[in-house]
Amino acid sequence: MKILIKNGRVIDPANGIDKITDIYVENGVISEVGADPDLEGVEMEVIDASGMCVAPGLVDMHVHLREPGQEYKEDIESGTLAAAFGGVTSVACMPNTDPVVDNEAIVSFIKTKAEEVGYVNVFPIGAVSKGLEGKYLAEIGEMVFAGAVAVSDDGMPVVNSGLMRRAIEYSEMFDIPVISHCEDPALGEGDMNEGAVATSMGLRGISRAAEEVMAARDILVAEAVGGRVHIAHISTRGTVDIIRKAKERGVRVTCETCPHYFSLTEEACLGFNTNAKMNPPLRTADDVEAIKEGLKDGTIDCIVTDHAPHHPDEKNCEFAAAKNGIVGLETSLGLGIKNLVKTGVLTMSELIEKMSVNPSQILGISKGSLGEGKCADIVIFDPDKEWTVDITKLHSKGKNSPYDGFELYGKPEYVIVGGEIVINRGELMK
């Protein structure tokens, strides 16, 4: 397919571009970037992007696709469909499936299944430890050779400091990041953020120290061995401060946060709203402000969704028994525009950098760029067009979102993956 995208505001932070111009796509790659390319007589699809932003497809490096083993919650087909409708053209999927992604065979299965039924690019993340049990290292090398782009025991903390050290040292051999689920289990027992709201609801509180203690430990371990670590889904002011100071010391640490940590507080749990129950839990207004500060000053590198679909029965129950997590692939861009760009925390270019460029660089994948010769993964959206979240219309199998009825901005109008139009004027093409 040959595609000409005309008159759009091309935002390409990787190449320092933010201007009105054209992009020509041919044979799955970006062939030319510049106004009025000489294409007389060429048969092609023309997209008029006037008034819209044209950006590299979003890269979400923290997604739970649930397959294999938990397809009643989500599968590769439904999860990647949700990603496409959210403007996400590449996802990295976490290994806490059933069976766990801790060997070459399961990594290969995910890649093969994604090629068969996926709507976007899928990059598997392997486990740090066998079975996520935190006892023995998984076969990291074999998983990397099969296509894993990182390792993580996400959903379970690596409690054993020696095992975390070995994981960081071993991963250095393959130049992949270790993604740390920072939680001290002894401090993390509870239902929501520790504080007045939890007390008023009669629920057990989770100390912010549960996250901060483990973040500090993993940073110190990485610093001691000269390795690198990526801190997942940070939510507190303390964690932001710890990472900021580590970066000032030259520690090779990167980190991510999620839209819910800059758009919601613990008060979203009032009324025992299980769709606001997650791990780490929603925090205070001061923590939300700290997350925004960390995004603005560059302490926080990436915005991810931690997309965690669940069956309705796993959320429609008492708060303490409900599963942690929310779906987020279809709302992440809109929440970023509304809460960060419209409020002046980030420019649109900085938002795209944190949602596309930086995740690509951390994972070492060739995405997040609109440079000539690059794979044509592109999202086109109107940043001023409002839309209303309706959870019944989400394309994920999971409908567990606290954003039902929220007014957001920038729903993708066109999504191009590998040079093929997947979303056309907001509708699925294939």
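Predicted model only: the values in this text are computed from it and were never measured.
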Requested in this report: Go through the steps to decide whether Thr331 and Leu408 satisfy the test side chain to side chain contact (heavy atoms under 4.5 Å, CB included), and finish with yes or no.
Outcome: CA-CA 8 Å; Thr331 54; Leu408 303 181; 4.2 Å; yes
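- Just one of Ile30, Asp377, Asn15, Ile17 meets the side-chain contact (heavy atoms from CB on, under 4.5 Å) condition when paired with Ser369; it is Asn15.
- Counting heavy-atom neighbours within 6.0 Å of Tyr72 OH, excluding the residue itself, gives a total above 12.
- Annotation for Arg208 and Arg283: closest pair CA-NH1, 3.6 Å, computed over non-hydrogen atoms.
- In this structure, Arg249 places its CZ atom where more than 12 heavy-atom neighbours from other residues, nucleotides or ligands lie under 6.0 Å away.
- The pair Glu293-Arg237 meets the salt-bridge criterion, with a side-chain N (NZ, NE, NH1 or NH2) lying under 4.0 Å from an Asp/Glu carboxylate O.
- Counting heavy atoms of neighbouring residues, nucleotides and ligands inside a 6.0 Å radius, atom NZ of Lys113 exceeds 12 of them.
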Requested in this report: Apply side chain to side chain contact (heavy atoms under 4.5 Å, CB included) to Val415 and Thr89, showing your working.
Outcome: CA-CA 8 Å; Val415 176; Thr89 58; 3.8 Å; yes
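- In this structure, Glu267 places its CD atom where only 12 or fewer heavy-atom neighbours from other residues, nucleotides or ligands lie under 6.0 Å away.
- Closest of all the heavy-atom pairs between Cys255 and Ile300 is SG-CA, 3.5 Å.
- In terms of heavy atoms, Leu58 sits closest to Gly86 at CD1-O, 3.9 Å.
- In summary, the side chains of His64 and Gln70 do not present any donor paired with an acceptor at a separation below 3.5 Å, with no hydrogens or angles considered.
- Under the 3.5 Å distance criterion, with hydrogens and angles disregarded, no donor-acceptor pair is assigned to the side chains of Asp286 and Thr284.
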**Report entry** From CA spacing to verdict: side chain to side chain contact (heavy atoms under 4.5 Å, CB included), Met94, His62
**Finding:** CA-CA 7 Å; Met94 286 297 174; His62 194 137; 3.6 Å; yes
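- Between the NZ atom in Lys6 and the CG atom in Asp48 there is a gap of 8.0 Å [rounded to 0.5 Å].
- Taking every heavy atom of both residues into account, Ile110 and Pro124 meet most closely at CG2-CG, 3.9 Å.
- A donor-acceptor pair shorter than 3.5 Å cannot be found between the side chains of Ser396 and Glu330.
- By the 6.0 Å contact criterion, CZ on Arg165 is open, its count of non-hydrogen atoms from other residues, nucleotides or ligands being 12 or less.
- Expressed to the nearest 0.5 Å, how far CG of Leu295 lies from CD of Glu350 amounts to 10.0 Å.
- Note on Lys397 versus Glu74: no salt bridge recorded, every NZ/NE/NH1/NH2 to OD/OE distance being 4.0 Å or above.
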Report task. Test Arg66 against His310 for side chain to side chain contact (heavy atoms under 4.5 Å, CB included), laying out the working first. Result -> CA-CA 9 Å; Arg66 303 301 192 195; His310 290 295; 3.3 Å; yes
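- Looking at heavy atoms from C-beta onward, Ser129 lies out of side-chain contact with Val158 at the 4.5 angstrom threshold.
- Looking only at side-chain heavy atoms (C-beta outward), Ile176 and Val149 stay at 4.5 Å or farther from each other.
- Side-chain contact of Ser180 with Asp218: a donor-acceptor pair under 3.5 Å is present, judged by distance alone.
- Taking CZ of Phe174 as the reference point, atom CZ of Phe145 lies at 5.0 Å (rounded to 0.5 Å).
- Heavy atoms from other residues, nucleotides or ligands lying under 6.0 Å from NZ of Lys247 number more than 12.
- Ile140 and Ala127 make their closest contact through CG1-O, 4.5 Å (heavy atoms, listed as atom of the first residue, atom of the second, distance).
- Checked options Lys323, Glu183, Glu211; the residue passing with Asn279 is Glu183 (criterion: side-chain contact (heavy atoms from CB on, under 4.5 Å)).
- Rounded to the nearest 0.5 angstrom, Thr299 OG1 and Ile291 CD1 are separated by 10.0 Å.
- Nearest heavy-atom pair, Lys399 versus Leu394, reported as atom, atom and distance to 0.1 Å: NZ-O, 2.5 Å.
- When the shell of 6.0 Å around NZ of Lys374 is examined, it contains 12 or fewer heavy atoms from other residues, nucleotides or ligands.
- Taking a 6.0 Å sphere around NZ of Lys245, one finds it holds 12 or fewer heavy atoms contributed by other residues, nucleotides or ligands.
- Between His181 and His233, the ring-plane angle classifies as perpendicular under the 30° and 60° cut-offs.
- To the nearest 0.5 Å, atoms CD1 (Ile337) and NZ (Lys385) are separated by 12.5 Å.
- Note that the CD1 atom of Ile23 and the CD1 atom of Ile5 stand 5.0 Å from one another [nearest 0.5 Å].
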